[in-house]
Amino acid sequence: MTHSQDSVAALNRAFVHARAHIEGLGSAPVGATVGADELRARLGGALPEHGSPPVEVVDALVAATAGGHLGSAGGRFFAWVIGGSLSSALAADWLTSTWDQNAALHACGPAAAVVEEVAGRWLIDLLGLPDEASFAFTTGCQLAHFTCLAAAREAVLRTAGWDVNRDGLFDAPRIRVIVSELRHASVDRALRFLGFGQKSLTVLPTAADGAVDRAAFHSALGGGPGPTIVVLDAADLSVGAFDAFEELIPSAKRSGAWVHVDGAFGLIARASRSMRHLLTGVELADSWATDAHKWLNVPFDSGFAAIRDRAAHRASMTVNASYITPGESVRDQIDWNPEWSRRARGFAVYAALRELGRTGIEDLVDRSCLHARDLVSGIGGLPGAQVLWPPTLNQGLIRFLDPRPGASEEDHDRWTDGVIREINETGEAFFSGTAWRGRRAMRVSVINWRTTAGDVARAVEAARRVLRRAA
Ligand SMILES: Cc1ncc(COP(=O)(O)O)c(C=O)c1O
């Protein structure tokens, strides 16, 4: 076989397996059916001494991993916040691997660079962010936080008369970072990568609705001068709580703070006229981190950072090397991204935005929220279930109550985890657990374009059977 025949044969096999996977999403168990030991036994052994034909490698990979994939591409997966893949985005992702561009520089992949220019501006428009904002397509929201907070660090220190690129952090003015107790841990990790320890954090309590307590916020801001970064949430991961942007951001800006928003999935709700009010004023912030691999339903490895202060963004990311010739009048991604060589992520995002358009994205958001409400009321209305959080967006919480007389809160915690496990074992639906205000709960998260009312009904029915058996 020639090299290109090898490639075509391997891709044809991949297509056959991919088709079987997609066509099986409606009938295959949603959870994994094999454990880590079995997967290790199938995949492991010594590094092969000699190679194998590509088609055999593809077939062997599929056979060895069978049962080890979650059905997260399908419509009955409601765990964590894991989006699916729109058809064109999935296909564009395959092409991205086929084209194999290094999306570090325009010179290494002109189309990859220009597609990011276009998709980046489209996203800024869709999210209603300032026209002048710069952006970066990152691996996910974690690296979007890193990118935004690196720019924040550069800007607040520069205002304080300190050049962090030249002088580093040792002896720099201390930066305070004001965060919510419900922030995602990826914020802490981004801060850690940037040289901030836990002692830099001022952690604010939240009100009953999950939003940062306003009085605590204002009092923390008044806690003294000096460089300050504030991180607010556009939908926390348990209940989808939004902070009061319209009130808090202007107040933070008046005190000279940089405001960063974690909008991993919640920022996309800006595309929906019925949900947009939850985010009023979010556009006043300085930086925003979100994901395309969540609600935009682009395959994984796709986050997005937007930053109002282009100069701070560029200063914190750009790099020089003898072999880089800066492109004239073109956008080199390396000036805006934390990686060097990188995947051409823009193609799949561009495809998703074209496949749905503005109205399709609005419909996806609205449908997800509707299905989340129906799931929570459907399962939460069953005997033995208790709704802890009816969705205000696409996230809800349900607790399952141990039926034994005198059962304690700890018993209900254990019972809740047990019921989640049993629902997952039916293979009909898949949920994850969480702790909310110290108590165990089942999270209901709807974010996949494939989810239908029929999927919701199947999931409710699976829960009904489990609860009936358990009662
Ligand atoms: C609110 C929130 N922020 C940040 C993240 C991190 O996103 P990623 O996994 O894309 O890095 C998540 C992930 O679920 C999240 O829910």
Side-chain angles (χ1 to χ4, degrees), residues 70 72 77-85 89 93 123 127 135-150 177 179-194 201 203 206 210-212 230-243 245 259-270 275 278-279 282 285 287-306 337-339 342-343 345 348-349 352 365 368 372 389 391-397 430-436 441 443-448:
L70 298 179
S72 49
F77 187 89
F78 307 112
W80 303 290
V81 187
I82 290 191
S85 293
D93 196 59
L123 272 177
L127 302 175
F135 57 84
F137 286 93
T138 58
T139 55
C141 196
Q142 169 74 83
L143 263 283
H145 286 323
F146 174 81
T147 307
C148 293
L149 293 168
V177 188
V179 295
S180 158
E181 63 175 344
L182 291 182
R183 72 198 176 282
H184 192 265
S186 54
V187 170
D188 297 46
R189 201 152 77 125
L191 289 166
R192 178 159 32 108
F193 294 161
L194 289 161
L201 302 186
V203 180
T206 50
V212 150
V230 168
V231 181
L232 297 177
D233 291 319
D236 87 290
L237 84 165
S238 292
V239 299
F242 290 87
D243 290 325
F245 305 119
V259 182
H260 171 65
V261 175
D262 178 355
F265 57 99
L267 205 56
I268 306 284
R270 293 271 278 181
M275 291 293 154
L278 296 168
L279 293 114
V282 77
S287 59
W288 305 263
T290 188
D291 267 321
H293 59 216
K294 288 194 169 66
W295 225 340
L296 202 54
N297 278 254
V298 166
F300 271 104
D301 208 58
S302 195
F304 186 69
N337 269 78
E339 312 98 329
R342 60 189 276 280
R343 183 171 180 77
R345 300 189 185 100
V349 177
V365 169
S368 308
W389 195 274
T392 41
L393 191 70
N394 62 334
Q395 311 286 312
L397 296 176
F430 197 93
F431 295 91
S432 56
T434 190
W436 172 248
R443 286 179 61 195
V444 174
S445 170
V446 183
I447 198 146
N448 192 312

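All ligand and atom numbering here is 1-based and tracks the order in the structure.
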message: For atom 2 (C) of ligand 1, tell me which residue out of Ala264, Ser186, Ser302 has the closest non-hydrogen atom.
response: Ala264
task: Decide yes or no for Val81 and Asp291: does some side-chain heavy atom of the first lie under 4.5 Å from some side-chain heavy atom of the second?
output: no
message: I want to check something: taking the side chain as every heavy atom from C-beta on, are Ile268 and Lys294 in contact at a cut-off of under 4.5 Å?
response: no
statement: atom 10 (O) of ligand 1 sits nearest the protein heavy atom Asp291 OD2, 2.6 Å
task: Could you see which bit of His184 sits under 4.0 Å from ligand 1, with heavy atoms only: side chain, backbone, both or neither?
output: side chain
task: Please examine the side chains of Phe430 and Leu70, heavy atoms only from C-beta on, and report whether any two atoms are closer than 4.5 Å.
output: yes
task: Indicate the ring-plane relationship of His260 and His145, choosing parallel, tilted or perpendicular according to the 30° and 60° boundaries.
output: perpendicular
- request: May I ask you to decide if the ring planes of Trp389 and Trp436 are parallel, tilted or perpendicular, using 30° and 60° as cut-offs?
  value: perpendicular
query: Applying a strict 4.0 Å limit to heavy atoms, is Lys294 in contact with ligand 1?
result: yes
- prompt: Would Gly303 count as a contact of ligand 1 if the rule is a heavy atom under 4.0 Å away?
  reply: no
statement: Ranking Thr139, Leu182, Asp262, Leu237 by closest non-hydrogen atom to atom 3 (N) of ligand 1, top hit is Asp262
- request: Mark up the atoms of ligand 1 that fall under 4.0 Å of a heavy atom belonging to His293, in ascending order.
  value: 10 (O)
task: Heavy-atom contacts with Gly140 under 4.0 Å: which atoms of ligand 1 show up? List them by number with element.
output: 10 (O), 11 (O)
message: Quick check: closest heavy atoms across Ser238 and Thr434, and the distance to 0.1 Å?
response: OG-OG1, 3.9 Å
- prompt: Hey, is Cys141 touching ligand 1 through its side chain, its backbone, both or neither, going by heavy atoms under 4.0 Å?
  reply: both
- prompt: What is the closest protein heavy atom to atom 11 (O) of ligand 1, and at what distance does it sit?
  reply: Gln142 N, 2.7 Å
- prompt: Looking only at N/O atoms, are Asp236 and ligand 1 under 3.5 Å apart anywhere?
  reply: no
- request: Would you check the N or O atoms of His145, main chain and side chain alike, for any that come under 3.5 Å of an N or O of ligand 1?
  value: no
query: Charged N to carboxylate O below 4.0 Å: is that the case for Asp262 and Arg183?
result: no
- prompt: Parallel, tilted or perpendicular: which fits the ring planes of Phe135 and Phe137, with parallel below 30° and perpendicular above 60°?
  reply: perpendicular
